[in-house]
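Whatever order the structure lists ligands and atoms in, that order sets their numbers, starting from 1.
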Amino acid sequence: MTQALIVIDMQNDFCPGGNLAVPHGDQIVGPINRLIEDFPTVILTQDWHPADHASFADNHEGAEPFSVTQMPYGPQVLWPRHCVIGTPGAAFHRDLNVKRADMVLRKGFRAGIDSYSAFHENDRKTQTGLAGYLRERGITQLSLVGLAHDFCVAWSAIDAASLGFETRVIEDACRAIDMDGSLDAARQAMRQAGVTLA
Ligand code: VGL
Ligand code: ZN
């Protein structure tokens, strides 16, 4: 089988009540669970940050959440503290069917580098190893779902397409943060990268 479903960051902190809640993020748990049954291979990603992570606004004196700062690797949005290693906010949504996952890929665990994409960290150099894993298993077609549509799903999909995977985002099973037009920009960037928006 050459297909995999990649479920991005279906964690409590990205759902209503969480620290970086994506509006209606919990509504896609049911649709994702149905998709999980249809794919031969399922991979879950988990945003997984140490407490001193550089993407947290409260680790930068006087910085407001959702402002943009300059990192050594370029501009970086500063987020509310979220998905701290081992906390309930970093756990998967309780109703997500995690039983069929072949792999759980953690990302963003280096204090100095954020990682939206499941393939490359935000410095665009540090690899997560996912491409190698998929290639070794002979997987060529990817379908992506999850949170957030305009950040981690989009960046993962763009990288997947540029790495040569046939890449599709199932938009009904995604929800967006949508700050300053970020969803429109992300959809345009995905189309440009050759990602199919389904
Ligand atoms: C995400 C912002 C910060 C995401 C993760 O999963 O889209 N967004 N960390
Ligand atoms: Zn994060």
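- Residue Ile8 has no N or O atom closer than 3.5 Å to an N or O atom of ligand 1.
- Side-chain contact check for Arg137 and Thr41: at least one donor-acceptor pair (N or O, by modelled atom type) lies under 3.5 Å.
- Looking at Asn122, Thr128, Thr45, Asp159 one by one, the single match for side-chain hydrogen bond (donor to acceptor under 3.5 Å, both in side chains) with Ser117 turns out to be Asp159.
- Checked against the 6.0 Å centroid criterion, the rings of Phe56 and His82 qualify as a close aromatic pair.
- The main-chain N or O of Gly18 is never found under 3.5 Å from a side-chain atom of Asn12 such that the two would form a donor-acceptor pair.
- A donor-acceptor pair under 3.5 Å is absent between the side-chain atoms of Asp150 and the main chain of Ala176, judged by distance alone.
- Residue-to-ligand polar distances place Asp47 within reach of ligand 1: an N/O pair is separated by less than 3.5 Å.
- With respect to atom 1 (C) of ligand 1, the closest heavy atom belonging to the protein is Cys152 SG, 3.2 Å.
- For His120 and Gln127, the side-chain atoms include at least one donor-acceptor pair closer than 3.5 Å.
- A donor-acceptor pair is defined here as one N or O able to donate and one able to accept, closer than 3.5 Å; no such pair exists between the side chain of Arg110 and the backbone of Lys107.
- Looking only at protein heavy atoms, the nearest one to atom 6 (O) of ligand 1 is Asp9 OD2, 2.6 Å.
- Counting just the N/O/S atoms of Asp47, the one with the shortest distance to the Zn ion (ligand 2) is named OD2.
- Among the backbone and side-chain atoms of His82, an N/O/S atom is found under 2.8 Å from the Zn ion (ligand 2).
- With respect to atom 2 (C) of ligand 1, the closest heavy atom belonging to the protein is Trp79 CE2, 3.3 Å.
- Looking at Asp47 and Gln11, their side chains never bring a donor and an acceptor atom within 3.5 Å of each other.
- Counting backbone and side-chain atoms alike, His49 contributes an N/O/S atom closer than 2.8 Å to the Zn ion (ligand 2).
- Counting heavy atoms under 4.0 Å from ligand 1, residue Leu147 touches it through the backbone alone.
- If you number the atoms of ligand 1 from 1 as listed, the ones under 4.0 Å from a heavy atom of Phe151 come out as 7 (O).
- Remark: distances from the non-hydrogen atoms of Gln11 to ligand 1 are all 4.0 Å or more.
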